[in-house]
Amino acid sequence: MNNVQKAAYELIQEDARFIYSLSNIWKNADNISGNYICMSVPYIGLFADGAEQWCKKVGLNAPAFNPMEKSYYAQIRQSHKLFEKKYNDYYTVLLEKFFESDNYFYSIRSLREKILGYYNVGADLCNNKFCGNTILCSMYIPIKVWGNKNAGPWLKDMSKVAGELASHFGCTEIHWYNYNSNLIVKYKDYHFYKCSPLKMNNGLGILLFSILCSINYIIEFIENFFIEEIPQKLKYAYLQYYYLCGFIRDLNAKNGTDFSLDDQLCNRDFRNCLAHYGLGQCIKEKEIISNDILKGLTYKAFGMDYFTTKVKIYKLLKILAEQIEEAVLR
């Protein structure tokens, strides 16, 4: 492999290590519960689909998808692009999933729930910030989840190849990322709209709430739960930022709102490198910085080091998150 391919290989290794870390946390961490793995589904898809294709291109003998796995991972990797959809399309899919959840939990109400009310949305919290919800999770998974007894076993089967790919890239030898065992990550169930954290009790409120959860999953949960400075902290934040820039403009146009997200750092080549491991389209061998967290990509794209770029992206996302919190939360 040339130096660019070696850099890509190391970035794939880091993503494999992230997947392995999620598995270790699920088995061993006592301070976390909720949907944190389901909220990672788009990024697991990016790794598995990207790594499998990359290995084929460079001629590495790695685990390969069967036809069903190929279809599944092609679909879930696209879920990181949900905010690439037009506002109306995203709104339609989100509300479909919300009503699927509501209808299911309404249909299985206990006697107590018939009297006192039932829950139809689960939300995750980290540092008392909403960082995930069950409606988003259902949007990420390309099969019906609620009331489907076969969903769990099927998803487990589909996930095996991602574990095999992670193992192929040596994640077990590299060890998992260190995480903060004192930070409590929890979940809370709500009945939207009768008893929810929203003051905007309508479809737009749920949509804005989901944007907030998507942002906070990265800048609150991944940022604070993982102790080390890992490449996913900027990688996932940037992918969110890139697609939200256009989506927020469309949202404002459709609703007469004035949420702001500065698009000064939108760079398609940089986004492509993060999403596809195709570093060669953006950076030359002599530009690779082997000891840099993202191998010199931020210098190439923005003329800034990794940490400066990350601070700027996080600041832009936090400004948007604060605007949404002010608009929708009680």
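- Each of Y106, Y190, F192, Y104 was compared with Y118 under the ring-ring contact (aromatic ring centres under 6.0 Å, His included) criterion, and only Y106 meets it.
- No salt bridge links E164 with K160; every basic N to acidic carboxylate O contact stays at or beyond 4.0 Å.
- The aromatic rings of Y90 and F247 lie perpendicular to each other, with more than 60° between the two planes, well past the 30° mark.
- The shortest side-chain heavy-atom distance between V328 and L204 does not fall under the 4.5 Å cut-off.
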- Give the intermediate values and the outcome of ring pair (Phe, Tyr, Trp, His ring centres under 6.0 Å) for residues Y119 and F105. CA-CA 7 Å; Y119 299 129; F105 287 105; 9.1 Å; no

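- F226 and F18 have tilted rings, their planes meeting at an angle from 30° to 60° on a 0 to 90° scale.
- Aromatic ring centroids of H80 and Y243 lie under 6.0 Å apart.
- Of the charged side-chain nitrogens involved, none lies within less than 4.0 Å of a carboxylate oxygen, so that D124 and K188 do not count as a salt-bridged pair.
- For the ring-ring contact (aromatic ring centres under 6.0 Å, His included) test, no residue two or more places apart in sequence or in another chain qualifies with Y299.
- No salt bridge links D269 with K300; every basic N to acidic carboxylate O contact stays at or beyond 4.0 Å.
- Y43 is linked by a ring-ring contact (aromatic ring centres under 6.0 Å, His included) to Y236, counting only residues two or more places apart in sequence or in another chain.
- The structure places OH of Y306 at 14.0 Å from CD1 of I289, a figure rounded to the nearest 0.5 Å.
- In this structure, the side chains of C137 and V41 stay at 4.5 Å or more apart for every pair of heavy atoms.
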- Message: Quick one, F270 with F302, criterion ring pair (Phe, Tyr, Trp, His ring centres under 6.0 Å). Give me CA distance, side-chain angles, the key distance, then yes/no.
- Response: CA-CA 9 Å; F270 183 67; F302 309 114; 5.0 Å; yes

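- Taking the side chain as every heavy atom from C-beta outward, P142 and I76 approach each other to under 4.5 Å.
- Note: the hydrophobic cluster containing I184 does not contain F221 (ILVMFWY, side chain heavy atoms under 4.5 Å, direct or indirect links).
- Side-chain contact between D157 and W154 is absent, with no heavy-atom pair separated by less than 4.5 Å.
- When side chains are defined from C-beta on, N31 does not count as touching N182, because their heavy atoms never get closer than 4.5 Å.
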- Going through the distances and angles, do R17 and E228 end up as a salt bridge (charged side-chain N to carboxylate O under 4.0 Å, His left out)? CA-CA 12 Å; R17 190 178 173 193; E228 303 160 73; 3.4 Å; yes

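- K295 has a carboxylate O that lies under 4.0 Å from a charged side-chain N of E10, or vice versa, which qualifies the two as a salt bridge.
- Looking at Y241 and C266, their side chains come closer than 4.5 Å, going by heavy atoms from C-beta outward.
- Residues E223 and K318 are not paired through a salt bridge, judged by the lack of any N-O separation under 4.0 Å between the basic side chain and the carboxylate.
- Considering every non-hydrogen atom in both L165 and A48, the closest pair reads CD1-O, 3.6 Å.
- Residues forming a side chain to side chain donor-acceptor pair (under 3.5 Å) with N178 (at least two apart in sequence, or on another chain): none.
- For the pair K310 and Y314, the cation sits on the ring face: its NZ or CZ lies under 6.0 Å from the ring centre, inside 45° of the axis.
- When side chains are defined from C-beta on, L274 does not count as touching L46, because their heavy atoms never get closer than 4.5 Å.
- The minimum heavy-atom distance between L136 and S210, with the atom names listed, is CD1-O, 3.4 Å.
- Between F169 and Y9, the angle of the ring planes lies from 30° to 60°, which puts this pair in the tilted group.
- Within 6.0 Å of CG on N202 lie more than 12 heavy atoms contributed by other residues, nucleotides or ligands.
- Heavy atoms from other residues, nucleotides or ligands lying under 6.0 Å from NZ of K81 number more than 12.
- The heavy-atom pair separating I248 from I211 by the smallest distance is CD1-CD1, 4.3 Å.
- Other residues, nucleotides and ligands place more than 12 heavy atoms under 6.0 Å from the NZ atom of K199.
- For the pair L234/T298, a side-chain contact is recorded, criterion being any heavy-atom separation below 4.5 Å from C-beta on.
- Residues E325 and K129 are paired through a salt bridge, judged by an N-O separation under 4.0 Å between the basic side chain and the carboxylate.
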